[in-house]
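Read through the structure below, which is laid out as structure tokens, and then see the notes.
Along the sequence shown, the residues carry numbers beginning at 1.
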Amino acid sequence: MKKKLLVLAAIIGLLLSGCSLLNDAKDTLTYANEAKNYLDKATAFANDAPSIAQQAVGDKQAAAELKTMLQDMKQEISTFNKLQAPEIAVDLHQQLVDQNNKLTAGIDLYLKNYKNGVLDPSVLENTEIFQSVQEISSILDQIKQLGQ
């Protein structure tokens, strides 16, 4: 009887450890998908924002559109930074958080430089905001490979 209980306990232990491996794989895939979605949004932002920023210098409608775009991206960053990265991606996630913090600082700079409903042209000299998106893209490419 003790042998049967021992065998049953061993089987249950193996099943539970197997479930853990499946959960880890699922968590990694979920995180990789979230990272891909974030990359798509960050890439669209990096592609669209520079031209809208140029227009926002003299056009109140473009300035309002840029402001909304900046606020939305800031929210996306905040949401992504709060994700719980799987163990395999913790270092990459921290690199992303660091780049996201730079991007947020750039966004804040843009948001603070609105005067009379248009963007102050001097802020356009700060290209770090878009360089941060390129760094984010590079890191996210590494994360996407985790999900494959």
Side-chain angles (χ1 to χ4, degrees), residues 9-148:
I11 291 172
I12 290 173
L14 287 173
L15 288 175
L16 290 177
S17 68
C19 290
S20 175
L21 291 174
L22 288 175
N23 283 338
D24 289 347
K26 181 183 171 216
D27 290 346
T28 300
L29 186 58
T30 299
Y31 179 79
N33 287 333
E34 291 288 334
K36 182 196 175 305
N37 290 339
Y38 176 69
L39 172 62
D40 292 343
K41 292 172 185 173
T43 301
F45 173 78
N47 290 336
D48 298 341
S51 63
I52 295 172
Q54 290 287 338
Q55 295 172 11
V57 170
D59 180 349
K60 288 185 179 187
Q61 184 176 355
E65 182 181 345
L66 179 64
K67 193 172 192 177
T68 299
M69 184 183 288
L70 293 169
Q71 291 167 336
D72 290 347
M73 190 63 208
K74 195 172 173 181
Q75 180 60 44
E76 292 293 335
I77 291 167
S78 176
T79 300
F80 184 81
N81 283 353
K82 292 176 186 173
L83 284 178
Q84 183 67 36
E87 190 173 324
I88 194 168
V90 169
D91 290 338
L92 291 172
H93 185 77
Q94 186 56 52
Q95 291 176 35
L96 282 171
V97 169
D98 293 343
Q99 288 300 321
N100 281 343
N101 290 339
K102 290 179 186 177
L103 181 55
T104 299
I107 288 172
D108 288 340
L109 177 67
Y110 271 68
L111 290 172
K112 289 177 185 173
N113 281 284
Y114 280 86
K115 295 180 180 167
N116 300 322
V118 295
L119 187 63
D120 184 345
S122 67
V123 78
L124 294 178
E125 296 170 9
N126 178 10
T127 59
E128 185 174 314
I129 187 173
F130 303 112
Q131 290 170 348
S132 293
V133 174
Q134 295 303 328
E135 291 291 326
I136 289 167
S137 177
S138 173
I139 297 167
L140 286 172
D141 285 340
Q142 295 174 44
I143 291 174
K144 284 195 310 190
Q145 292 184 14
L146 295 175
Q148 296 177 349

Exercise. First locate atom CG of N81, then atom OG1 of T104, and finally report the distance between them rounded to the nearest 0.5 Å.
Key: 6.5 Å

Exercise. Give, for atom CD of Q71 and atom CD1 of I107, the distance between the pair rounded to the nearest 0.5 Å.
Key: 10.0 Å

Quiz item: If you take all heavy atoms of Q84 and Y31, which pair is closest and at what distance?
Solution: O-CD1, 4.1 Å

Exercise. Enter the distance from L103:CG to E76:CD here, rounded to the nearest 0.5 Å.
Key: 11.5 Å

Quiz item: Is a side-chain donor or acceptor of T43 paired with a backbone partner of D40 at a separation under 3.5 angstrom?
Solution: no

Listed pairs under 3.5 Å, donor-acceptor, residues 59-70 side chains, sequence neighbours left out:
{"from": "D59", "atom 1": "OD1", "to": "Q61", "atom 2": "N", "distance (Å)": "2.9"}
{"from": "D59", "atom 1": "OD1", "to": "A62", "atom 2": "N", "distance (Å)": "3.4"}
{"from": "T68", "atom 1": "OG1", "to": "A64", "atom 2": "O", "distance (Å)": "3.1"}

Quiz item: Hey, are the side chains of I77 and M73 touching, using non-hydrogen atoms and a 4.5 Å cut-off?
Solution: yes

Exercise. To the nearest 0.5 angstrom, please state how far the CG atom of L96 sits from the CG atom of D91.
Key: 11.5 Å

Quiz item: Do you know the tightest heavy-atom contact between H93 and L83?
Solution: NE2-O, 3.4 Å

Quiz prompt | Flag for Q94-D98: side-chain donor and acceptor within less than 3.5 Å | solution = yes

Exercise. Find the distance between CG (D120) and CG (L109) and round it off to the nearest 0.5 Å.
Key: 9.5 Å

Quiz item: Relative to each other, are the rings of Y38 and F80 parallel, tilted or perpendicular (30° and 60° limits)?
Solution: parallel

